[in-house]
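A quick write-up on the structure given underneath.
All chains are named by letter (A, B, ...) in the order of the sequence lines, taking the proteins before the strands, and each is independently numbered beginning at 1.
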Protein chains: 2
Amino acid sequence: MADVPQLVAQAREGRPRAVARLISLVEGASPQLREVMAALAPLTGGAYVVGLTGSPGVGKSTSTSALVTAYRRAGRRVGVLAVDPSSPFSGGALLGDRVRMSEHASDPGVYIRSMATRGHLGGLAWAAPQAIRVLDAAGCEVILVETVGVGQSEVEIAAQADTSVVLLAPGMGDGIQAAKAGILEIGDVYVVNKADRDGADATARELNHMLGLGEARAPGDWRPPIVRTVASRGEGTDEVVEALEKHRAWMEESGALQRRRVRRAAGEVETIAVTALRERIGDLHGDRRLDELARRIVAGELDPYRAADELVAGLTES
Amino acid sequence: MADVPQLVAQAREGRPRAVARLISLVEGASPQLREVMAALAPLTGGAYVVGLTGSPGVGKSTSTSALVTAYRRAGRRVGVLAVDPSSPFSGGALLGDRVRMSEHASDPGVYIRSMATRGHLGGLAWAAPQAIRVLDAAGCEVILVETVGVGQSEVEIAAQADTSVVLLAPGMGDGIQAAKAGILEIGDVYVVNKADRDGADATARELNHMLGLGEARAPGDWRPPIVRTVASRGEGTDEVVEALEKHRAWMEESGALQRRRVRRAAGEVETIAVTALRERIGDLHGDRRLDELARRIVAGELDPYRAADELVAGLTES
């Protein structure tokens, strides 16, 4: 058994191995998961969570890396959570990208963590918020969550960020792809990466049109900006950071940040509660209690609704 | 509000309108559903439930009608539950079939009830057992449940019968279709209908092969028979009834009937319990309690697991 209080203390001191161990404990749904979460709770809330999503090939990990560089230059501690199977952070990319990332890997002010999307069917939406909590408690001021915008659960994770960045690239009918994947609605900031390529203007125009950015909005509403970048050369990264800071300020002043975080926490509690209840009911398969209730139904002594009541009542006592 | 005790008393006396009213109450998940189920429980367990399933066009409703005739000749009270959208019982067939059925519709010893498969996504597996209970309590000795073997929930309903009949017809690659639909595993009795047509022998042989009926079985195991019928002329119906009676006797003597019914009741309780819990959690969306828990998480006063515990505990108190 891990010494949770010690691990938490070490993570607070900035020891990467303690951070990694804690994430493993929450990710693997270890028996100590609850102990870890209880220990972390009072240490959370300081981090600002930025989600980055987009189709494969738009340059998500290059953009993430450029943002890490920018934040580090400003002296901020950064966490990266990569739930994109094609991300070099999660180990699926070319050597060139990997080398570019390794610069951050040796920086003590950066924590990088990948999460497997495969074999975790539906479990990702549950595990990602817990990993974010660990990075938050470990003192990360900004947490970048990189997801590929193709799966529903990944879109959900991106939508749960304090600020969501949607990335596109010229050509490839990206606008339409993004619309199909449902990621067009979730952007607080849009980035057209690879803006030195042909078609960048057309992509930005198409995006502007699809988002209805030319239309009038109520005063005080957030109008998502479209930023052009060439992330591989670091061009436009400062403008992205500026857009993120503006959105953060708007979120804080308007009260939207608190509302979004409360909604996110409520969804998380709901997911955990439903999962727990389903597991408990699943555990009852072949259980004597359910079997006994079923026997009484077959004998005509009980109806299935009253039996279900007894089952549900028993669940919270066990 | 319906007078449930009176309706139940009238249903016991054989009044079809009372039976119809009770089924409507349970099918529509009325507020009186629980009262109805509690009143019915002590009156159930007397009926034997036979499921009939097969691809469209194999002659399920004609076979069902022929079985009704045979059981009525033997003086048995019969209930028919049609969850097949193409069945004349559920109102989707040709006039000829409809006329053939109307004979039974005027017989006071036969209750016919159709259930809509559309608009009840996933709700059928839940509603069918309740309707079966009403027919059971109303004094039906045999209940025929007709489902088209294409949807998963319909296959589940058929598999929950005391005896499952799988129907096929010559040609159309029925054996393979049946295998794909997953209905080959659930048959206790197989019927090759339209046996006067070319290919009936081939279909029976193919079926025999796919079921491995030529292989050795443990003594005491049930070996599903293959019966040939021409249901439109009533040919082979007596043999089907005989096969059903044999299977029933085997089910009772081997203890398999009790086991199957207990398993069915357990599944039913589980479905009702999960549905109830999900609804209660869904009701909490925007609820002050969940909102309050979420606020405390955001403030770092509580972790999501403890919050989920509180939510679950609250569910059974409410």
Side-chain angles (χ1 to χ4, degrees), chain A residues 33-34 36-46 129-130 133 137 258 261-278 280-282 284-287 290-291 293-317, chain B residues 33-34 36-46 129-130 133 137 258 261-278 280-282 284-287 290-291 293-317:
Chain A
L33 171 64
R34 286 169 166 271
V36 173
M37 296 321 294
L40 295 179
L43 310 174
T44 57
Q130 319 309 331
R133 275 208 172 72
Q258 170 73 2
R261 286 183 170 182
V262 167
R263 202 180 56 212
R264 192 200 313 173
E268 223 182 309
V269 172
E270 212 185 315
T271 302
I272 293 168
V274 171
T275 305
L277 289 169
R278 290 195 76 96
R280 288 196 207 171
I281 288 177
L284 293 177
H285 257 306
D287 178 277
L290 178 56
D291 203 58
L293 291 170
R295 274 174 206 287
R296 287 169 59 200
I297 292 170
V298 172
E301 298 164 15
L302 191 70
D303 72 85
Y305 285 85
R306 202 158 303 168
D309 288 344
E310 288 194 25
L311 193 66
V312 169
L315 284 180
T316 53
E317 288 156 16
Chain B
L33 171 63
R34 286 169 165 270
V36 173
M37 297 320 294
L40 295 179
L43 310 173
T44 58
Q130 318 309 330
R133 275 208 171 72
Q258 170 74 2
R261 286 182 171 183
V262 167
R263 202 181 55 211
R264 191 200 311 172
E268 225 182 307
V269 173
E270 211 185 315
T271 303
I272 293 167
V274 171
T275 304
L277 289 169
R278 290 195 75 97
R280 287 196 208 171
I281 288 177
L284 293 178
H285 257 306
D287 180 276
L290 179 55
D291 202 59
L293 291 170
R295 275 175 206 288
R296 287 169 60 200
I297 292 170
V298 172
E301 297 164 15
L302 192 69
D303 71 85
Y305 284 85
R306 202 158 304 170
D309 288 345
E310 288 194 24
L311 193 67
V312 168
L315 284 180
T316 52
E317 288 157 16

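Under 4.0 Å is where a charged nitrogen must lie from a carboxylate oxygen, and between A:Arg133 and B:Asp303 no such pair does.
The nearest pair of heavy atoms linking A:Ala294 to B:Ala266 is CB-N, 3.6 Å. The minimum heavy-atom distance linking B:Pro304 with A:Ile272 is given by the pair CB-CD1, 3.7 Å. Of all the heavy atoms in A:Thr44 and B:Gly300, the pair that sits closest is OG1-CA, 4.4 Å. The heavy-atom pair separating A:Val269 from B:Ile297 by the smallest distance is CG2-CD1, 3.3 Å.
The candidate with the highest count of non-hydrogen atom pairs below 4.5 Å against chain A, out of B:Arg261, B:Arg264, B:Arg306, B:Arg296, is B:Arg261.
Note: A:Arg263 CZ to B:Leu290 CG = 12.5 Å, rounded to the nearest 0.5 Å.
Looking only at side-chain heavy atoms (C-beta outward), B:Arg34 and A:Asp309 come within less than 4.5 Å of each other.
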